[in-house]
Amino acid sequence: AQSVTQLDSQVPVFEEAPVELRCNYSSSVSVYLFWYVQYPNQGLQLLLKYLSGSTLVKGINGFEAEFNKSQTSFHLRKPSVHISDTAEYFCAVTETGANNLFFGTGTRLTVIP
Amino acid sequence: NAGVTQTPKFQVLKTGQSMTLQCAQDMNHNSMYWYRQDPGMGLRLIYYSASEGTTDKGEVPNGYNVSRLNKREFSLRLESAAPSQTSVYFCASTLNVNTNYGYTFGSGTRLTVV
């Protein structure tokens, strides 16, 4: 069965510092992986996705993620964060042929001025 | 603007009352979903509709029913609300279940059951 673990529930980071939000998944078959962002009182927006091909995926707002099959990870990174990046970030996984996404419990990123 | 529209945005119910959460999308998507979001638990799937005329249970279907009214609309009904159903509810849609374009989410309905 597929599942997603986001190891950090909260990540505080100073403005212009780099950040990494961790995501690990479990699945016995091929997967597709996603990162979503949720700003306060809003729905979720797609940041980036990995379907196949290059393991380094670039998304919106300067975020990128790297798929590591051997470590079953899909960590999200940004080299320099802004105040506006303060939000909750969700990792999600689906298996090929599956009908829905499974979400992690989320990581709240707080950017400190 | 194209997207997923949810109504109402906020609702307070008394225990035992019923209500229907509405969701509509105008992107010609075939698949639609209802999730609930609770602190520390992420998003959990309640029901989904892979295509018009079909619905299936997700991870937490108890206490809910759904109707895929047409291709655009997918409603979620609470027949007898309980405090445990206090949550934020999100509707989402995607082109097809297996295409993995990613989901488009509505802005949510914040439901409180007292």
Side-chain angles (χ1 to χ4, degrees), chain A residues 1-10 21-25 27 29-53 57 59-60 63 65 67 74 87-108, chain B residues 1-7 9-10 21 23-25 27 29-51 54-61 66 74 88-110:
Chain A
Q2 53 194 315
S3 66
V4 179
T5 301
Q6 292 185 244
L7 299 168
D8 305 299
S9 60
Q10 297 187 57
L21 306 183
R22 297 181 291 170
C23 173
N24 287 87
Y25 68 92
S27 174
V29 299
S30 296
V31 296
Y32 302 133
L33 295 154
F34 303 80
W35 275 99
Y36 284 83
V37 60
Q38 184 182 30
Y39 299 105
N41 300 313
Q42 294 187 26
L44 279 72
Q45 301 174 32
L46 182 65
L47 264 181
L48 49 78
K49 60 184 176 184
Y50 171 79
L51 302 182
S52 65
V57 179
I60 62 172
F63 283 93
F67 171 57
F74 190 54
E88 190 147 19
Y89 292 80
F90 291 93
C91 182
V93 64
T94 188
E95 296 175 342
T96 52
N99 290 336
N100 59 276
L101 287 178
F102 285 89
F103 286 85
T105 53
T107 297
R108 183 170 300 278
Chain B
N1 292 334
V4 178
T5 303
Q6 291 184 237
T7 56
K9 293 189 182 302
F10 302 94
L21 282 65
C23 175
Q25 52 88 12
M27 297 170 287
H29 285 172
N30 289 301
S31 305
M32 298 184 73
Y33 304 80
W34 276 105
Y35 285 88
R36 60 178 289 173
Q37 183 180 26
D38 302 292
M41 303 189 75
L43 280 78
R44 293 180 292 169
L45 182 66
I46 305 171
Y47 272 92
Y48 69 97
S49 171
S51 60
T54 70
T55 60
D56 286 286
K57 294 178 180 180
E59 183 183 355
V60 289
V66 291
F74 188 39
V88 182
Y89 292 84
F90 287 101
C91 178
S93 70
T94 191
L95 185 60
N96 288 303
V97 289
N98 294 323
T99 55
N100 297 306
Y101 288 122
Y103 294 5
T104 300
F105 282 83
S107 57
T109 296
R110 189 173 296 273

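The structure presented is a predicted model; accordingly, all values stated were derived computationally and were not measured. All chains are named by letter (A, B, ...) in the order of the sequence lines, taking the proteins before the strands, and each is independently numbered beginning at 1.
- Of the two parts of L43(B), the backbone and the side chain both hold a non-hydrogen atom closer than 4.5 Å to a non-hydrogen atom of chain A.
- Only the side chain of T94(A) comes within less than 4.5 Å of a heavy atom in chain B; its backbone stays farther off.
- Only the side chain of R110(B) comes within contact range of chain A, with heavy atoms under 4.5 Å apart.
- Considering only residues two or more places apart in sequence or on other chains, D8(A) meets the side-chain hydrogen bond (donor to acceptor under 3.5 Å, both in side chains) condition with R22(A).
- For chain B, the nearby part of L46(A) is the side chain; its heavy atoms alone come within less than 4.5 Å.
- Interface remark: Y35(B) contributes side-chain atoms only to the contact with chain A (heavy atom separation under 4.5 Å).
- For the pair N100(A) and Y103(B), the minimum side-chain heavy-atom distance is below 4.5 Å.
- Residue Q37(B) touches chain A through its side chain alone, counting heavy-atom pairs closer than 4.5 Å.
- For Q38(A), the part lying near chain B is the side chain, with the backbone staying farther off; criterion is any non-hydrogen pair under 4.5 Å.
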